[in-house]
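So that the names make sense, note that chain A is the first sequence line, chain B the second, and so on, each numbered from 1.
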Protein chains: 2
Amino acid sequence: MTRKQEIIDVCIEMIDKEGFLNLSIKTIAERLGIKPPSLYKHFQGGLDEIKEAIKVYGWNSIDIKIAKSAVGKSREDGLKAMCYALREFAHEHPGVFEAICWHNSYTSELNHEITKGVISSLYSILDSLGFSEAVKMHVLRSLRGFVEGFSMLELHGSFGDEITLDESFAYGVDALITGIMKGQENVG
Amino acid sequence: MTRKQEIIDVCIEMIDKEGFLNLSIKTIAERLGIKPPSLYKHFQGGLDEIKEAIKVYGWNSIDIKIAKSAVGKSREDGLKAMCYALREFAHEHPGVFEAICWHNSYTSELNHEITKGVISSLYSILDSLGFSEAVKMHVLRSLRGFVEGFSMLELHGSFGDEITLDESFAYGVDALITGIMKGQENVG
DNA sequence: CCTTTTGGCTAATATCATTAGCCTTAAGTT
DNA sequence: AACTTAAGGCTAATGATATTAGCCAAAAGG
């Protein structure tokens with residue numbers, strides 16, 4: 001494993017514990033037992049480059065996880081599995097999730113490229129459901145909106161009662177997918 | 001209008017244009033034509049206090065807007081109107097929206113208090129629909145997850161094609177509310 | 001044995017946020 | 001009118017952090 005990758009791994013551990021916004025050159029260096037300037041030997045772009053690398057790692061992990069989750073499932077079950085997989089990733093890697101959802105550079109080319117990979121897994125499930133191109137996009141956005149929104153809100157403690165979060169999520173996924181499939185009844 | 005309020009107004013204008021994360025003592029002072037230390041005459045707590053004040057303003061505005069949106073409407077229509085109102089707020093005040101959704105202090109007492117006000121408007125509509133207590137909570141969380149998630153993703157440019165965002169949102173709201181009402185058919 | 005790459009270090013600079021302490025002006029008070 | 005106080009601003013100083021420049025040791029490879 002390259003030193004660069006070692007550093008990214010440590011950063012991921014850190015942000016999952018302390019939050020993405022608390023990541024700094026100073027704390028990374030401390031955690032690694034080196035002095036701040038040494039980090040620039042690996043990331044000339046400084047903190048920005050490190051954060052970017054974390055996002056790339058994040059997108060790739062999510063891509064893999066979502067793709068795997070739908071293997072062997074079809075239609076609603078596949079969609080549902082993907083929703084659960086995404087939320088599960090958010091729980092496993094809250095910091096990484098925060099990074100890729102809300103700290104996207106508004107104009108990053110790289111992110112666009114990588115996002116396409118993730119989207120493609122979702123698209124292929126949607127293909128099997130006979131949606132039109134336009135509807136596929138609406139479905140995709142709706143699911144992303146719900147799952148990413150719900151996950152981020154729960155990770156931030158924005159829902160009062162922590163107890164029944166799993167049921168709330170299950171309820172929401174069911175409702176959304178029910179509504180989506182219902183709109184499709186008289187089509188394909 | 002007190003000087004304090006004037007400053008908050010300017011900050012809101014700034015974050016709606018530049019994003020919440022770019023708000024700094026330096027830029028606020030520049031924008032006001034004063035020197036950075038002068039700001040501490042109005043906000044002894046520094047940047048943190050200013051950001052907190054912005055969130056309070058934000059919660060109050062949203063509360064009002066959502067409550068108004070549902071006046072004279074009932075059942076699905078009321079729910080739908082609230083979803084649209086929340087997204088509309090996000091478009092009108094992207095920076096404020098960002099602040100209150102994703103930069104909540106995890107443990108702020110104040111926020112909890114204020115959030116309750118907002119939630120109460122939503123709850124009263126849900127009451128009219130005959131949901132059980134538990135289901136009301138699930139519905140509320142699902143709607144918040146979807147609307148806040150969708151809005152934040154679109155504001156960040158995370159959905160490729162900007163053109164059809166309105167339709168995608170309408171599609172998602174319909175699907176979700178359809179699913180919610182369907183689960184309710186054989187109840188009350 | 002020489003050379004290059006890797007990974008680290010110290011010292012110096014720039015940018016902010018924040019604190020301390022001073023000053024002016026306008027509003028009240030006696 | 002003279003005094004006092006509060007508002008709102010300023011300069012100078014401190015402290016944290018990111019970043020740059022330039023030096024150094026040790027390992028890898030010829």
Side-chain angles (χ1 to χ4, degrees), chain A residues 1-57 95-96 98-99 102-108 110, chain B residues 1-58 95-96 98-100 102-108 110:
Chain A
M1 171 134 43
T2 149
R3 184 73 172 132
K4 209 165 164 168
Q5 186 57 50
E6 268 175 42
I7 295 175
I8 293 297
D9 288 348
V10 162
C11 288
I12 285 165
E13 205 186 306
M14 289 175 70
I15 65 177
D16 284 339
K17 228 178 287 179
E18 324 269 346
F20 185 67
L21 292 168
N22 292 314
L23 193 71
S24 71
I25 291 288
K26 181 185 152 78
T27 55
I28 298 169
E30 259 167 11
R31 170 56 211 280
L32 288 165
I34 62 179
K35 304 289 174 180
S38 306
L39 279 167
Y40 292 79
K41 280 287 147 69
H42 309 286
F43 302 91
Q44 299 79 19
L47 197 49
D48 287 347
E49 188 184 341
I50 294 177
K51 287 181 171 174
E52 205 55 33
I54 290 171
K55 289 175 209 166
V56 170
Y57 163 89
V96 176
E98 190 186 353
W102 313 123
H103 300 284
N104 267 335
S105 359
Y106 293 33
T107 53
S108 161
L110 185 55
Chain B
M1 169 134 40
T2 150
R3 185 73 172 133
K4 211 165 163 167
Q5 187 57 50
E6 268 175 41
I7 295 174
I8 293 296
D9 288 349
V10 162
C11 288
I12 285 165
E13 205 186 306
M14 289 176 69
I15 64 178
D16 283 340
K17 229 178 288 182
E18 323 269 344
F20 186 67
L21 292 168
N22 291 314
L23 192 72
S24 71
I25 291 288
K26 182 185 153 76
T27 55
I28 299 169
E30 259 166 11
R31 170 56 211 279
L32 289 166
I34 61 179
K35 302 289 175 183
S38 306
L39 280 166
Y40 291 81
K41 281 284 148 69
H42 310 285
F43 301 92
Q44 298 78 19
L47 196 50
D48 286 348
E49 189 185 340
I50 294 177
K51 287 181 171 174
E52 205 55 34
I54 289 171
K55 288 176 208 166
V56 171
Y57 162 89
V96 176
E98 189 185 354
I100 65 181
W102 313 122
H103 298 283
N104 268 333
S105 358
Y106 294 34
T107 54
S108 161
L110 185 55

Problem - Any Leu39(A) side-chain heavy atom under 4.5 Å of Ile7(A) side chain - result: yes
N/O donor-acceptor pairs under 3.5 Å from side chains in residues 9-18 of chain A, not counting sequence neighbours:
residue	atom	partner	partner atom	Å
Asp9(A)	OD1	Gln5(A)	NE2	3.0
Glu13(A)	OE2	Arg31(A)	NH1	3.3
Asp16(A)	OD1	Gly95(A)	N	2.8
Asp16(A)	OD1	Val96(A)	N	3.2
Asp16(A)	OD2	His93(A)	ND1	2.5

Practice task
Take atom NE2 of His42(B) and atom C1' of dA7(D), then tell me their distance rounded to the nearest Å.
Solution key: 8 Å
Problem - Atom pair distance, as rounded to whole Å: CD in Gln44(B) and C1' in dG8(D) - result: 12 Å
Handout entry: Lys51(B) side chain reached by Phe20(B) side chain, heavy atoms, under 4.5 Å
Key = yes
Problem - Along DNA chain D (nearest heavy atom to each residue), the more 5'-positioned of Lys41(A) and Pro36(A) - result: Pro36(A)
Practice task
Locate the shortest heavy-atom distance separating Lys4(A) from His42(A); write the atom from each residue and the value.
Solution key: CE-O, 3.7 Å
Problem - Glu52(B) side chain reached by Phe43(B) side chain, heavy atoms, under 4.5 Å - result: no
Exercise for the section: Check every strand shown and say whether Lys26(A) touches a base, only sugar-phosphate, or nothing at a heavy-atom separation below 4.0 Å. Expected result: sugar-phosphate
Handout entry: Separation of atom CG in Leu39(A) from atom P in dT17(D), rounded to whole Å
Key = 14 Å
Practice task
State the CG-CD distance between Leu21(B) and Glu98(B), to the nearest 0.5 angstrom.
Solution key: 5.5 Å
Problem - Integer-rounded Å distance: dA18(D) C1' and Phe43(A) CZ - result: 16 Å
Handout entry: Separation of dA18(D) P from Leu21(A) CG (nearest whole Å)
Key = 13 Å
Handout entry: Glu6(B) CD - dA7(D) P separation (whole Å)
Key = 15 Å
Practice task
Starting from P on dA16(D), measure out to CG on Leu47(A) and report it in whole angstrom.
Solution key: 19 Å
Practice task
Check every strand shown and say whether Ser24(A) touches a base, only sugar-phosphate, or nothing at a heavy-atom separation below 4.0 Å.
Solution key: sugar-phosphate
Practice task
With a 4.0 angstrom cut-off to heavy atoms of chain A, pull out the first and last contacting nucleotide of DNA chain C, in 5'-to-3' order.
Solution key: dG7(C) to dA11(C)
Practice task
Measure the CD-CD1 distance between Glu30(B) and Ile28(B) for me, rounded to the nearest 0.5 Å.
Solution key: 11.0 Å
Problem - Nearest-angstrom distance from the residue atom CD1 of Ile34(B) to P of dG8(D) - result: 10 Å
